[in-house]
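Since we're looking at a predicted model, the values are computed, not measured.
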Amino acid sequence: MNRLQERVHRFDADRGWDRVRPEHTYLHLMEELGEVARELLRRAAYKEGTPNLTEELADAGLLLYKLADQLGIDLEAAMLRKLEANEARYPLASSREALKRYLAHDDED
């Protein structure tokens, strides 16, 4: 992931886009996440059209990496730390029980 973040940084720097403020990158990220939502609605046949989740998720992911880079955050290291914290916070046994409750509730709808 660090290689990807570095490549996003170079891509932006080469084009002068590294001067875009993080607040605007965040707004672009939200726009892309809205496009992911639209594609999910297409996937669920709520909207017409062929879903293209791969493209939209990639757009959102690249903007997330850009935002992390702009803020000086090593996204890979941060995500690994967060995953370790989540593993401690949500042990397997209780997580499986929570999933059973969720699935049982989902089946009721």
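- Taken to the nearest 0.5 Å, the CD atom of Glu87 stands 12.0 Å off from the NZ atom of Lys82.
- Between Pro22 and Leu67, the shortest heavy-atom contact is O-CD1, 3.5 Å.
- Put simply, CG on Asn2 and OH on Tyr65 are 8.5 Å apart, with the number rounded to the nearest 0.5 Å.
- The hydrophobic clustering, which links ILVMFWY residues whose side-chain heavy atoms are closer than 4.5 Å, places Leu4 and Leu80 apart.
- For the pair Val20 and Lys66, the tightest heavy-atom approach, listed with the atom from each and the gap, is CB-NZ, 4.2 Å.
- A cation-pi arrangement is present between Arg15 and Phe11, with the terminal nitrogen or guanidinium carbon under 6.0 Å from the aromatic centre and inside a 45° cone about the axis.
- Look at Lys100 and Glu97 and you find a salt bridge, because one of the NZ, NE, NH1 or NH2 atoms lies within 4.0 Å of a carboxylate O, short of that distance.
- Put simply, Trp17 and Leu27 are part of two different groups of oily side chains (I, L, V, M, F, W, Y) that touch within less than 4.5 Å, one to the next.
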* From CA spacing to verdict: side chain to side chain contact (heavy atoms under 4.5 Å, CB included), Asp59, Glu56 -> CA-CA 5 Å; Asp59 286 341; Glu56 298 306 339; 3.6 Å; yes
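- Among residue pairs with one or both ends in residues 18-42, those qualifying as side chain to side chain donor-acceptor pair (under 3.5 Å) are Thr25-Gln70, Glu39-Arg42; sequence neighbours excluded.
- With rounding to the nearest 0.5 angstrom, the CG atom of Leu29 is 10.5 Å from the CG atom of Leu62.
- One distance of note links CZ of Arg81 with CG of Asp74; it measures 7.5 Å at 0.5 Å rounding.
- Going from atom CG of Leu64 over to atom CG of Leu57 covers 11.5 Å, rounded to the nearest 0.5 Å.
- Rounded to the nearest 0.5 Å, atoms CZ (Arg101) and CG (Leu103) are 11.0 Å apart.
- For the residue pair Leu53 and Arg43, the shortest heavy atom distance occurs at CD1-CD, 3.6 Å.
- Residues Met30 and Leu71 are members of one and the same hydrophobic cluster, defined by side-chain heavy-atom contacts under 4.5 angstrom among Ile, Leu, Val, Met, Phe, Trp and Tyr.
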* To do: Tell me, with the steps shown, if Met79 and Leu83 meet side chain to side chain contact (heavy atoms under 4.5 Å, CB included).
  => CA-CA 6 Å; Met79 292 173 83; Leu83 184 57; over 6 Å; no
